[in-house]
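What's counted below: heavy atoms across the whole structure, side chains too, no hydrogens, waters or symmetry copies.
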Amino acid sequence: MSSFAGRMREYPHISLDRFDHENLHARAYFLSHCHKDHMRGMKSPKMKRRLQSSRRVKLYCSLVTKELLLSSRRHLFWEEFIVPLELESPTQISLVDETSGESEELTVTLLPAGHCPGSVMFLFEGGCGNALYTGDFRLASGDAARMEHLHSGGRVKDIRSVYVDSTFFDPRFYQIPSREACVSAILRLVGDWIARSARHVVWLNCKAAYGYEYLFTRLGEEFNTRVHVNNLLMFRRMPEILSYVTGEHRTQIHACRHPKNEANPRGDRLPCGRASPDAADLRVLSIKPSTMWFGERTRKTDVVARSGSNAFRACFSFHSSYCEIKDFLSYLRPVQVFPNVVPIGRTLSEVTRMLRTVCRKPPQENFTYRPLGVLKRSAATTTPHDWDSDNDLFDASAAAPLRKKPTPSRGVPNEPGPYAVAPPAPTEDSLQPDPRDDNDKNDRTELKYNYVDCTESNDDSEDDEGSEEDEESGTKTSTQTGSASVELPKWEDFFTVEPLPDSQNSQSQPCSAPSPAPTRLAGSQTPEAFSEPEDDADDSFVLSLSASDCSSQNRDADGEDRGAGDAPSEPPPGSRVSSDYEKGAAVQEVGQRGGRFLS
DNA sequence: GCGATCAGCT
DNA sequence: CACAGCTGATCGC
């Protein structure tokens, strides 16, 4: 969870991902993605009042983020203040103090962050140097080198500060299987199950958040079906997602949730109730996406773990691993790095200390930063900031003692090595047989998968080496224009916003001073099903499609650990997934790049 | 009654 | 395995 307080040292007049306290006075706002912990204060009455008494303040975000934000009625009052920006299009903005008229020029570039639909990093370039705020991100090792806008004249830009998503910046989370490896494993699990019969259904027990859409679309694509979700409204302008999800519960793949299920958690029921004419006939496989990590010397890299007779955890991470973060930062070599998150079990000073190892040089007593080269004349005067006394910009003070830490060797693997197949797991999950399963041996997931006990995955213990080299892994399909870029998780390409019928290709967004926030059209093509919710008691919108008994959402039911615990069987031939990530990263070329919905 | 915060629980 | 969030209790205004 982000604990970034909202402001960067270099540009204290803007606020990012925070909208409370001091941030109420920002000259401009930036939202990296639509997760609640990055939206604090956004719908407070104070913020609403602040916006209404201002004519200049803007909120900058990606087009997809704008769309997701405005799908919540509670945030509609932001609409006229939003300036959606294209990815990778440097945009100059003026930060004007409304009382004094004082102005500061700043160039911002949105970079894909691979965290969830619409998620971006913000690169700021201005009179106080370059600063990168990563928001939350999941990038593979090597991705930074492919990002055009982190380079200039063939070299990495001189970045003064990086405000980094340090969720997993801890050697405990040394590596996390690649996104593609994880998705592939889930595809296999799902495919094996739903092929058995039409009564076999899969429940993806996802946490309520954006971020699983890529999984849904891959599943829908692979199995030519749609995934049942509770809420379609937010995707109403994102056809690439919309075409793979449904509000109809008659499908074999579900990612729905229902409050009632909490009181009645059963492994043979779906949150939405029935998915077949005869609910009793359902055979439900529960798959819970969850983060799995592996220590530096851990060989085990299985991406699925059995957690019950018909329940699995499957690796899925929205955040970069320790290795990936380290690769990212050591490539950029900023002067300083500030953590946006303190990993669980760590302290701020520990993380700060570890982050120093990837900085350009350790901050010394009276170290003063001098840009390597002045790329831009510092136009307007920015208030000189007291560099040493503004720790209060952050939630907690970052003063940490200097300590030498062994710098992990270079050449960290950017992908886990080939996924070794673990030996059949012991039958420690000696669950009692579930009577419901008795007559249907076929329903047990005859372990086509080995599972790993995730508790073993940590940094210490573990034996022999396992992870070295490996570098650059597979992803080599070239997509991008521009010099440095080869392939990136281009979420924005994938999750485009549906263009209006007549505005197909106007790719240019306001590239100068912020223009008045455009009006969003309530497109005539909006399906009937997406009627606006009638009350705003909730941020979430419920789609009542026909007689669906899904009346709400966002509750967790747990289908795990029920039923008989068969001893896991042998791994299937070819259960390795190592080759899967050679297929390329989370990229789909979907036309409509830059499709716009403004008029 | 509302908002902020925290504990508890996924 | 811990992603991000909801619910409910409590407190202050």
Side-chain angles (χ1 to χ4, degrees), chain A residues 1-3 17-21 24 32-49 68 72 74 113-117 119 135-138 165-170 172-177 179 182 204-215 230-231 255 257-259 261-263 265 271 286-295 298 300-307 311-322 340-346 395 451-459 536-540 552-561:
Chain A
M1 294 287 196
S2 175
S3 57
D17 288 355
R18 281 293 285 265
F19 305 85
D20 53 0
H21 306 301
L24 282 162
S32 69
H33 65 289
C34 261
H35 279 162
K36 297 263 189 286
D37 57 323
H38 291 253
M39 298 164 69
R40 274 212 265 172
M42 226 177 165
K43 57 181 165 32
S44 72
K46 278 180 188 169
M47 178 52 77
K48 192 169 188 172
R49 260 181 271 123
L68 294 176
S72 159
R74 285 245 167 112
H115 175 69
C116 72
S119 65
D136 284 351
F137 74 95
R138 173 96 203 252
D165 170 16
S166 45
T167 302
F168 291 137
F169 193 73
D170 181 323
R172 281 206 305 154
F173 312 115
Y174 192 81
Q175 65 173 242
I176 295 172
R179 193 197 312 271
C182 296
L204 301 167
N205 183 359
C206 300
K207 291 231 158 75
Y210 304 117
Y212 301 97
E213 293 74 13
Y214 175 66
L215 176 60
N230 291 97
N231 187 348
R257 20 198 75 242
H258 196 289
N261 266 75
E262 203 173 41
S286 156
I287 300 176
K288 185 173 196 162
S290 32
T291 307
M292 295 178 182
W293 58 82
F294 302 91
T298 308
K300 292 174 187 154
T301 49
D302 300 77
V303 294
V304 294
R306 167 161 270 187
S307 58
F312 286 88
R313 294 179 192 281
C315 185
F316 201 89
S317 178
F318 304 149
H319 297 268
S320 275
S321 66
Y322 177 79
N340 296 343
V341 183
V342 176
I344 291 175
R346 292 282 175 183
D395 273 355
Y451 62 91
V452 63
D453 177 359
C454 298
T455 59
E456 293 180 28
S457 45
N458 52 32
D459 51 340
D536 58 358
D538 193 351
D539 278 347
S540 52
S552 187
Q553 61 169 19
N554 287 342
R555 296 314 305 266
D556 254 34
D558 185 354
E560 298 177 16
D561 284 308

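- Here dA4(B) presents its C1' atom at 10 Å from CG of D20(A), a figure rounded to the nearest Å.
- Of the candidates dT10(B), dA4(C), dC6(C), the closest approach to any side-chain atom of K288(A) belongs to dT10(B).
- Evaluation of atom-type donor-acceptor distances gives no pair under 3.5 Å for the side chain of S290(A) against the base of dC1(C).
- When each of dC3(C), dG3(B), dT5(B) is scored by its nearest atom to the side-chain atoms of P45(A), the top-ranked nucleotide is dG3(B).
- Going from atom CE of M39(A) over to atom P of dC6(C) covers 10 Å, rounded to whole Å.
- D136(A) comes within contact range of the sugar-phosphate backbone alone, with a heavy-atom separation under 4.0 Å but no base atom that close.
- We find that CD1 of I176(A) is positioned 10 Å from P of dA2(C), with the value rounded to whole Å.
- Here the P atom of nucleotide dG3(B) and the CE atom of M42(A) are 17 Å apart, to the nearest Å.
- Whole-Å rounding puts the N230(A) CG to dG5(C) C1' distance at 15 Å.
- Atom C1' of nucleotide dC1(C) and atom CH2 of W293(A) are separated by 3 Å, given to the nearest angstrom.
- Neither OP1 nor OP2 of dA4(B) sits under 4.0 Å from any side-chain N or O of H21(A).
- Using a 4.5 Å heavy-atom cutoff, the side chains of V341(A) and H319(A) are not in contact.
- Residues H115(A) and F137(A) keep their aromatic ring centres 6.0 Å or farther apart.
- Checking dC1(C), dG5(C), dC3(C) against the side-chain heavy atoms of R313(A) singles out dC1(C) as nearest.
- The distance between the ring centers of Y322(A) and F294(A) does not fall below 6.0 angstrom.
- Between the NZ atom of K207(A) and the C1' atom of dC1(C) there is a distance of 9 Å, rounded to whole Å.
- Using a 4.0 Å heavy-atom distance criterion, Y212(A) is classed as making no nucleic acid contact.
- Note: CE (M292(A)) to C1' (dC3(C)) measures 13 Å, nearest angstrom.
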Q. Taking it one step at a time, do K207(A) and Y212(A) satisfy side-chain contact (heavy atoms from CB on, under 4.5 Å)?
A. CA-CA 9 Å; K207(A) 291 231 158 75; Y212(A) 301 97; 3.7 Å; yes

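- Applying the 4.0 Å criterion to OP1 and OP2 of dA4(C), one finds that H35(A) has a side-chain N or O inside that range.
- Of the candidates N340(A), D165(A), D136(A), D17(A), D17(A) is the only one forming a side chain to side chain donor-acceptor pair (under 3.5 Å) with S32(A).
- OP1 or OP2 of dA4(C) sits under 4.0 Å from a side-chain N or O of H115(A).
- Nearest nucleotide to the side chain of M1(A), out of dA4(C), dC6(C), dG3(B): dA4(C).
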